[in-house]
Peer 1: 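So that we are looking at the same thing, I have put the structure below in structure tokens.
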Amino acid sequence: MARHNREGSGEDQRGRTYTVAYQPDWLRVVKVTRELGSGRQSTKTLVRNPDLPAAEPGTRVRTHVVSADLGLDFEVVLHDERRVVRRIVVETVVPDGGEAGETVVFSFARTLDDGPGEG
């Protein structure tokens with residue numbers, strides 16, 4: 001049986017803060033990709049799960065992301081009966097404020113138990 005959600009937090013390339021509630025037996029890392037002022041794109045690790053899986057992840061996985069700084073609040077729910085999904089990518093748009101209309105991309109990568117070299 002999978003464990004209850006954990007919570008982590010981090011900052012993106014522009015210093016905006018995020019809180020991520022995640023299932024520790026599924027999630028390995030959350031990365032955030034943003035465009036910099038120079039026009040270049042940058043990807044940064046937002047949250048890393050410090051725990052190794054203690055149980056097989058369930059077939060239903062939920063991850064909740066909140067950034068009050070950007071007005072983002074969404075939840076990703078994955079039903080993966082055969083446990084074949086390794087990564088989820090979510091592209092969002094900042095809804096309002098000084099960064100309104102800017103794209104923020106999140107990548108959620110699964111903790112793999114397939115052995116060394118995976119992931």
Peer 1: Inspect the contact between Glu35 and Arg14 and indicate whether a charged nitrogen and a carboxylate oxygen are less than 4.0 angstrom apart.
Peer 2: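 Between Glu35 and Arg14 there is no salt bridge, as every charged N stays at least 4.0 Å from the carboxylate O atoms.
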Peer 1: Mind checking the CZ-CG spacing from Arg28 to Asp51? Nearest 0.5 Å is all I need.
Peer 2: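 It comes to 14.5 Å.
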Peer 1: Do Val77 and Arg60 make a side-chain contact, defined as non-hydrogen atoms from C-beta onward lying under 4.5 Å apart?
Peer 2: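 SC-SC contact between Val77 and Arg60 confirmed.
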Peer 1: For a side chain to side chain donor-acceptor pair (under 3.5 Å) check, start with the C-alpha distance between His64 and Asn5, then their side-chain angles and the critical distance, and finish with the verdict.
Peer 2: CA-CA 10 Å; His64 186 201; Asn5 274 15; over 6 Å; no
Peer 1: Does any N or O in the side chain of Thr63 come within less than 3.5 Å of the main-chain N or O of Val76, such that one atom is a donor and the other an acceptor?
Peer 2: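 No.
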Peer 1: Lys44 side chain to Glu11 main-chain N or O, any donor-acceptor pair under 3.5 Å?
Peer 2: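 Here the side-chain-to-backbone pair exists.
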Peer 1: Of all the heavy-atom pairs spanning His4 and Arg6, show the shortest one and how long it is.
Peer 2: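 Residues His4 and Arg6, closest heavy atoms: O-NH1, 2.9 Å.
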Peer 1: Test of understanding: clusters of I, L, V, M, F, W, Y form through side-chain heavy atoms closer than 4.5 Å, transitively. Do Phe74 and Leu27 belong to the same one?
Peer 2: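 They do share one cluster, since a chain of ILVMFWY contacts under 4.5 Å joins Phe74 to Leu27.
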Peer 1: Could you walk me through whether Thr59 and Asp80 pass the side chain to side chain donor-acceptor pair (under 3.5 Å) test, one step at a time?
Peer 2: CA-CA 5 Å; Thr59 59; Asp80 183 18; over 6 Å; no
Peer 1: Is it the case that more than 12 heavy atoms not belonging to Arg83 sit under 6.0 Å from its CZ atom?
Peer 2: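 Counting other residues, nucleotides and ligands, CZ of Arg83 exceeds 12 neighbours.
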Peer 1: Do any N or O atoms from the side chain of Gln41 and from the backbone of Leu36 form a donor-acceptor pair under 3.5 angstrom?
Peer 2: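 A pair under 3.5 Å: no.
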Peer 1: Taking the side chain as everything from C-beta on, heavy atoms only, tell me whether Val90 gets closer than 4.5 Å to Val104.
Peer 2: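 Val90 vs Val104: side chains apart.
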Peer 1: Taking Thr111 for the side chain and Asp25 for the main chain, is one N or O donor matched with an acceptor at less than 3.5 Å?
Peer 2: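 Such a contact is absent between Thr111 side chain and Asp25 backbone.
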Peer 1: With sequence neighbours excluded, what pairs up with Tyr18 under the ring-ring contact (aromatic ring centres under 6.0 Å, His included) test?
Peer 2: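 By the ring-ring contact (aromatic ring centres under 6.0 Å, His included) rule, Tyr18 matches Phe106.
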Peer 1: Might you point out which heavy atoms bring Ser42 and Gln13 nearest each other, and give the distance in Å?
Peer 2: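 Looking at all heavy atoms of both residues, the closest pair is O-NE2, 2.5 Å.
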Peer 1: Are Arg87 and Phe108 side-chain neighbours, meaning at least one heavy-atom pair lies under 4.5 Å?
Peer 2: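 Of all side-chain heavy-atom pairs linking Phe108 with Arg87, none is under 4.5 Å.
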Peer 1: Compare every heavy atom of Val65 with every heavy atom of Val20, then report the nearest pair and how far apart it is.
Peer 2: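 For Val20 and Val65, the tightest heavy-atom pair comes out as CG2-CG2, 4.3 Å.
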Peer 1: Between Pro57 and Arg110, is any pair of side-chain heavy atoms under 4.5 Å apart?
Peer 2: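 When only atoms from C-beta onward are counted, Arg110 and Pro57 do touch, with a gap below 4.5 Å.
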Peer 1: So Leu72 and Pro95, do their side chains get closer than 4.5 Å, heavy atoms only?
Peer 2: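 Yes - at least one pair of side-chain heavy atoms lies under 4.5 Å apart.
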Peer 1: Sub-3.5 Å donor-acceptor pair from the side chain of Arg34 to the main-chain atoms of Val32, do we have one?
Peer 2: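 No, Arg34 side chain to Val32 backbone: no donor-acceptor pair under 3.5 Å.
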Peer 1: Any side-chain heavy atom of Glu75 sitting closer than 4.5 Å to one from Arg62?
Peer 2: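 Glu75 reaches Arg62 side chain to side chain.
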Peer 1: Got a second to check how far Leu46's CG is from Thr19's OG1, nearest 0.5 Å?
Peer 2: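 The CG atom of Leu46 sits 9.0 Å away from the OG1 atom of Thr19.
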Peer 1: I'd like to know if Val47 and Ile88 are part of one continuous hydrophobic network [Ile/Leu/Val/Met/Phe/Trp/Tyr, side-chain heavy atoms within less than 4.5 Å].
Peer 2: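 Same cluster.
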Peer 1: Given the rule in the side-chain contact (heavy atoms from CB on, under 4.5 Å) test, do Glu91 and Thr103 qualify, once you have shown the distances and angles that lead to the verdict?
Peer 2: CA-CA 7 Å; Glu91 184 174 314; Thr103 301; 3.5 Å; yes
Peer 1: Ignoring hydrogens and geometry, is there a side-chain-to-backbone donor-acceptor pair from Asn49 to Val29 under 3.5 Å?
Peer 2: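 Side chain of Asn49 to backbone of Val29, a donor-acceptor pair under 3.5 Å: no, none is there.
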Peer 1: Taking the side chain as every heavy atom from C-beta outward, state whether Trp26 and Leu78 have any pair of such atoms under 4.5 Å apart.
Peer 2: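 They are in contact (side-chain heavy atoms under 4.5 Å apart), so the answer is yes.
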Peer 1: List in chain and number order the residues that pass salt bridge (Lys or Arg N to Asp or Glu O under 4.0 Å) with Arg16, two or more places apart in sequence or in another chain; answer none if no residue qualifies.
Peer 2: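 Counting only residues at least two positions away or on another chain, Arg16 forms a salt bridge (Lys or Arg N to Asp or Glu O under 4.0 Å) with Glu99.
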